[in-house]
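In what follows, every heavy atom counts, from backbone to side chain, and hydrogens, waters and symmetry copies are set aside. Per chain, numbering begins at 1; letters A, B, ... match sequence-line order.
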2 protein chains.
Amino acid sequence: MGRSKVRDRIVETASKLFYKNGYNSTGVNEIISESGIAKATLYNHFKSKDDICIAFLDFKHAAFMEDIEAFTKDRNEGVDQILALFDYLQLFFQDSEFNGCWGIKTVAEIPQNNQKIRTVLQGQKREFLDLIIALVTKNLKIDHQEEIKTTARRIYLLYESAVVESHLHQNDWPIKEAKEVCSQIII
Amino acid sequence: MGRSKVRDRIVETASKLFYKNGYNSTGVNEIISESGIAKATLYNHFKSKDDICIAFLDFKHAAFMEDIEAFTKDRNEGVDQILALFDYLQLFFQDSEFNGCWGIKTVAEIPQNNQKIRTVLQGQKREFLDLIIALVTKNLKIDHQEEIKTTARRIYLLYESAVVESHLHQNDWPIKEAKEVCSQIII
DNA sequence: TTTTATATAGACAGACTGGTCTGTTTTTTA
DNA sequence: TAAAAAACAGACCAGTCTGTCTATATAAAA
C-alpha cells in the first residue's frame, strides 16, 4: 500500500510518536522534525493531521493482524492456537514499547463529533473479531454458527480487557486471568 | 466533602463537560461560562486544570461506588448480587448520557508524564476491585482467600471490557456476553 | 537540455489554550 | 455597622497548535 517512500516514513514516524506520546501530545512539527521532512511535504501527502491519524491506525492494525495471525498459526491446532492470543499479548506487554491499545486510546483523545476515526476503529475491531471467529471455527469443533460467534465474542472481550487493564495496572495479572477464563470457556 | 457551594458547582459542571466532550476538548473558559462563575474564582479553588480533573474523577467515582453498592444490595443474596453488576451496567448503557469509562478515557487524554492522575485512577479501580472482592466474599461460599481474589479479578475484567466495548461498538452485546461468562465463573 | 514534479526550509496567520492580574461588588462574619 | 473574605468581570499574557504560503533546490522525465 505504501504509495511512496516519503509517505511511509511519515506514517512510521507518526505512528511511533502517536503510540508513545499520544495523538494530541504529538504535534505536526514534531512529526516533520523527527522524520526529517518538510511541512509542505507532509501536507502534500496528507490533507490534515486527522488523515495521518487514520494512516497510523491502519498501519498499526495491519501489522498487528499480520503478527497475530503468524503467531497463532505456529501453534498446534486446537485450543493452543486460541490461547496463543494471550501468549502473544504477554510478549507484547513485556516489550518496553507496550503502551496499551492504540485504538481505544486514540479514539478517547479525539473530539466526540469526529465520527470518521471512530468508524475506522470499529471496523478494525470487527476485523479482529473475525480473526477470532476464524480461529474458533478452525480449532474448536462447534457446529452452530451462533455458538461460534458467541464464543469468539467472549474471547474478544477477554483479550481486550487484558490489554487495557494490564496497561492500566502496569501488571500482567489481567493477561494471566483472561487466559485462564478463556481456557475455561473453550475446554 | 463539598468544601463550598461554588466548588461543588464547578466540579459538577466540569464533570458533566469532561465526561460528555472529553478533558482536552473542554476548556476552562467553557467551564466558567457554563457554571456561571469567574475565572479567578475557579483558580481560587483549584490551582490548575489538572486539579479539576482529579476532582472530576473523584466525583464520578464516589457516585459510582455509592450507586453500585446500593444497587447490588437490593438483590437477593447469592449470585444475583454479583450478576447485578451487569444489570447496573445495562441501565447505565441505556442512559442517553452513557459515554464509556470516564477514567480510562481521561487517562488516555493526558500526557504520559502526568503520573498523578494515573495513580488516582489506579487507586479508584483498586477500590472497585475491593468492592467486588467484598461481593464475592459475601455471596459465594469460597474458602481460600486466594480464590476469592482471583474470582473477583476475573469479574472485574469482564465488567471493564463490557463498559469499554459496549461504548465502542455502540451495542449492548458485550454486556450480555460478559454477564453470561460471569455466571459461568461463579456457578 | 528543458520541463515538470516533488522535495527543502521556515516564516506566517489565526485560532485557541491555561493561567495571571486588576479592580469592583457582594456576601459573610464579628 | 465595620471588617474581612470571597465572589465578580474580563483584559491580558505567553505559549501552543494546525495549516498555508513563499521561495528555493533537487531529481526525474521529456
Side-chain angles (χ1 to χ4, degrees), chain A residues 1-57 105-117, chain B residues 1-57 105-117:
Chain A
M1 268 294 159
R3 281 177 261 181
S4 85
K5 277 273 180 196
V6 178
R7 199 195 128 100
D8 287 350
R9 193 156 82 251
I10 295 170
V11 173
E12 278 165 35
T13 306
S15 295
K16 192 185 72 187
L17 293 170
F18 285 163
Y19 185 53
K20 184 180 174 203
N21 302 324
Y23 178 67
N24 285 322
S25 295
T26 304
V28 289
N29 291 318
E30 198 181 349
I31 296 173
I32 63 168
S33 72
E34 186 80 8
S35 56
I37 58 133
K39 194 178 266 195
T41 306
L42 185 147
Y43 279 100
N44 211 31
H45 287 278
F46 301 94
K47 78 174 225 298
S48 70
K49 193 190 174 191
D50 276 1
D51 274 23
I52 309 176
C53 182
I54 289 173
F56 149 63
L57 291 176
K105 287 175 69 177
T106 302
V107 164
E109 284 200 64
I110 57 162
Q112 198 75 3
N113 59 31
N114 193 329
Q115 194 55 48
K116 187 166 183 188
I117 292 180
Chain B
M1 268 293 157
R3 280 178 261 182
S4 83
K5 277 271 181 197
V6 178
R7 199 196 128 101
D8 288 350
R9 193 156 83 249
I10 296 171
V11 173
E12 279 166 35
T13 306
S15 296
K16 192 185 71 187
L17 293 170
F18 285 162
Y19 186 54
K20 184 181 174 198
N21 301 325
Y23 179 67
N24 284 323
S25 296
T26 304
V28 288
N29 292 317
E30 199 182 347
I31 296 173
I32 63 168
S33 72
E34 185 81 7
S35 56
I37 57 130
K39 194 178 263 196
T41 305
L42 185 148
Y43 280 100
N44 211 32
H45 286 278
F46 301 94
K47 80 174 222 297
S48 70
K49 194 190 174 191
D50 277 1
D51 275 23
I52 310 176
C53 182
I54 290 174
F56 150 63
L57 291 176
K105 288 176 69 178
T106 302
V107 164
E109 283 200 65
I110 56 161
Q112 197 76 0
N113 58 29
N114 193 330
Q115 195 53 49
K116 186 164 181 189
I117 292 180

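- Here A:I52 contributes atom CD1 and A:H45 contributes atom NE2; the two are 11.0 Å apart, rounded to the nearest 0.5 Å.
- Screening residues 20-32 of chain B for side-chain hydrogen bond (donor to acceptor under 3.5 Å, both in side chains), with sequence neighbours left out, gives B:Y23-B:D50, B:N24-B:E109, B:N29-B:K39.
- Note that OG of B:S35 is 12.0 Å distant from CG of B:D8, once rounded to the nearest 0.5 Å.
- For DNA chain C, none of the residues of residues 105-117 of chain A falls under the heavy-atom distance limit of 4.0 Å.
- The shortest non-hydrogen separation linking B:D51 to B:K47 is OD2-CG, 3.4 Å.
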Distances for protein N/O vs nucleotides 5-12 of chain D N/O pairs under 3.5 angstrom?
| residue | atom | partner | partner atom | Å |
| --- | --- | --- | --- | --- |
| D:dA7 | OP1 | B:H45 | NE2 | 3.4 |
| D:dA7 | OP2 | B:H45 | NE2 | 3.3 |
| D:dC8 | OP1 | B:G36 | O | 3.2 |
| D:dC8 | OP2 | B:A38 | N | 3.0 |
| D:dC8 | OP2 | B:T41 | OG1 | 2.9 |

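- Contacts between residues 19-30 of chain A and DNA chain D, defined by a heavy-atom separation under 4.0 Å, are made by A:T26, A:G27, A:V28, A:N29.
- B:I54 has its side chain out of reach of B:F46: every pair of non-hydrogen atoms, C-beta onward, lies at least 4.5 Å apart.
- Residues A:C53 and A:I117 come closest through the heavy atom pair SG-CD1, 3.7 Å.
- By the salt bridge (Lys or Arg N to Asp or Glu O under 4.0 Å) test, A:K116 is found to be paired with no residue, residues two or more places apart in sequence or in another chain being considered.
- The shortest side-chain heavy-atom distance between A:Y43 and A:V28 falls under the 4.5 Å cut-off.
- Scanning DNA chain C 5' to 3' for nucleotides with an atom closer than 4.0 angstrom to a non-hydrogen atom of chain B gives a first and last hit of C:dG18 to C:dC21.
- Going from atom NZ of B:K49 over to atom CZ of B:F56 covers 11.0 Å, rounded to the nearest 0.5 Å.
- Between the CZ atom of A:F46 and the C1' atom of D:dT20 there is a distance of 18 Å, given to the nearest Å.
- Remark: B:N114 CG to B:I110 CD1 distance equals 4.0 Å, nearest 0.5 Å.
- Between the CZ atom of A:R7 and the CG atom of A:L42 there is a distance of 10.5 Å, given to the nearest 0.5 Å.
- Once rounded to the nearest 0.5 Å, the distance linking CD1 of A:I31 with CD1 of A:I37 reads 8.5 Å.
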